[in-house]
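Worksheet for the structure shown next.
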Amino acid sequence: MTSKNTICLWYDGDAVDAANFYAETFPDSAVHAIHRAPGDYPDGKEGNVLTVEFTVAGIACIGLNGGPHFKHSEAFSFQIATDDQAETDRLWNAIVSNGGQESECGWCKDRWGLSWQISPRALTSAVFGPDRAAAKRAFDAMMTMKKIDIATIERAILGRD
């Protein structure tokens, strides 16, 4: 990879599976290289996949098969901006239906424990827009959701919830 700053994500032996899933699911994503360990290491043997270079929505990442010692937490997440409900549904459903789980306010977690915010641009524009009353209505509507429903957000903006 040529990026000076790369996100390193820790996996318990399944970095290739995760990278392939992200590459198949998110636009502007790909698996670039798989590197095998040149020797034994604490959680693997020589020849095992040690790292995977990939991009997720244009962000350079390395998946490190470091073993079971560290888990992902909600303190780190990818935030994916979506343009419409179809894209929101497709990405959310791909993550959740592939062994992931739903959370609140547009958050979900993939089967590897990595958190994702699937955030429609309509929601972000409403919550941070100049009409603070509409922003509050959109924010309050979002607070009741798991996957974001853009039509409900749009009704809230207009005060028609």
Side-chain angles (χ1 to χ4, degrees), residues 1-35 43 49-129 135-157:
M1 295 186 129
T2 60
S3 180
K4 189 169 186 86
N5 183 14
T6 302
I7 295 170
C8 183
L9 301 167
W10 189 285
Y11 294 91
D12 185 9
D14 48 8
V16 171
D17 291 341
N20 284 330
F21 172 75
Y22 305 146
E24 294 166 3
T25 303
F26 297 97
D28 195 19
S29 301
V31 175
H32 303 290
I34 297 171
H35 302 284
D43 283 291
V49 173
L50 182 60
T51 63
V52 181
E53 295 179 31
F54 59 101
T55 52
V56 175
I59 302 295
C61 299
I62 291 178
L64 170 65
N65 280 329
H69 311 294
F70 300 106
K71 304 294 181 196
H72 295 288
S73 87
E74 290 80 2
F76 174 87
S77 65
F78 280 103
Q79 185 178 63
I80 305 294
T82 57
D83 293 320
D84 56 33
Q85 193 65 51
E87 184 181 22
T88 300
D89 292 348
R90 184 183 72 74
L91 296 177
W92 175 278
N93 294 340
I95 292 168
V96 172
S97 69
N98 188 42
Q101 64 187 74
E102 296 181 335
S103 191
E104 306 298 322
C105 304
W107 292 69
C108 56
K109 195 176 286 190
D110 67 26
R111 73 178 182 178
W112 300 279
L114 188 63
S115 291
W116 297 84
Q117 297 177 62
I118 307 302
S119 301
R121 293 180 197 280
L123 172 64
T124 306
S125 295
V127 170
F128 299 113
K136 173 134 177 45
R137 291 190 302 270
F139 184 81
D140 290 346
M142 176 205 61
M143 294 298 292
T144 68
M145 298 178 187
K146 290 185 185 240
K147 177 175 60 178
I148 303 300
D149 182 287
I150 296 171
T152 300
I153 296 298
E154 289 171 344
R155 284 192 303 277
I157 293 167

| Atom pair NE2/CD1 of His32 and Ile34 - distance to nearest 0.5 Å | 12.0 Å

| message | Quick check for you: to the nearest 0.5 Å, what is the distance between Ile118 atom CD1 and Phe26 atom CZ? | response | 5.0 Å

| request: Would you sort out whether Ser115 and His72 count as a side-chain hydrogen bond (donor to acceptor under 3.5 Å, both in side chains), showing the intermediate values? | output: CA-CA 8 Å; Ser115 291; His72 295 288; over 6 Å; no

| Mind checking what makes side-chain hydrogen bond (donor to acceptor under 3.5 Å, both in side chains) contact with Tyr22, not counting sequence neighbours? | Tyr11, Asp110

| If you round to the nearest 0.5 Å, how far is CD1 of Ile59 from CG of Asn5? | 9.0 Å

| request: With sequence neighbours left out, write down each residue that passes side chain to side chain contact (heavy atoms under 4.5 Å, CB included) with Gln101, or none if nothing qualifies. | output: Lys109

| side-chain contact (heavy atoms from CB on, under 4.5 Å) evaluation trace for Asn93 with Lys147 | CA-CA 9 Å; Asn93 294 340; Lys147 177 175 60 178; 3.7 Å; yes

| remark: dist Ile80:CD1 -> Leu91:CG (nearest 0.5 Å) comes out at 7.0 Å

| query | What distance do Met142 atom CE and Met145 atom CE have between them, rounded to the nearest 0.5 Å? | reply | 9.0 Å

| Would you say Ile150 and Leu123 make side-chain contact, with heavy atoms under 4.5 Å? | no

| Derivation and outcome, side-chain contact (heavy atoms from CB on, under 4.5 Å), residues Arg111 and Asp17 | CA-CA 10 Å; Arg111 73 178 182 178; Asp17 291 341; 3.8 Å; yes

| message | Testing Thr88, Asp89, Thr124 one by one against Thr82 for a side-chain hydrogen bond (donor to acceptor under 3.5 Å, both in side chains), which residue passes? | response | Thr88

| Would you say the side chain of Arg121 lies within less than 4.5 Å of the side chain of Asp83, judging by non-hydrogen atoms? | yes

| request: Start with the C-alpha distance between Lys146 and Glu104, add both sets of side-chain angles, then the distance that settles salt bridge (charged side-chain N to carboxylate O under 4.0 Å, His left out), and finish with yes or no. | output: CA-CA 4 Å; Lys146 290 185 185 240; Glu104 306 298 322; 3.7 Å; yes

| said: Using side-chain heavy atoms (C-beta onward) and a distance below 4.5 Å, is Leu9 in contact with Trp112? | reply: no

| Test item: side-chain donor near acceptor, Thr152 and Arg155, under 3.5 Å | yes

| message | To the closest 0.5 Å, what do you measure between CH2 (Trp10) and CG (Asn65)? | response | 10.0 Å

| said: Run the ring-ring contact (aromatic ring centres under 6.0 Å, His included) test against Phe78 and tell me which residues pass, sequence neighbours left out. | reply: Phe76, Trp116

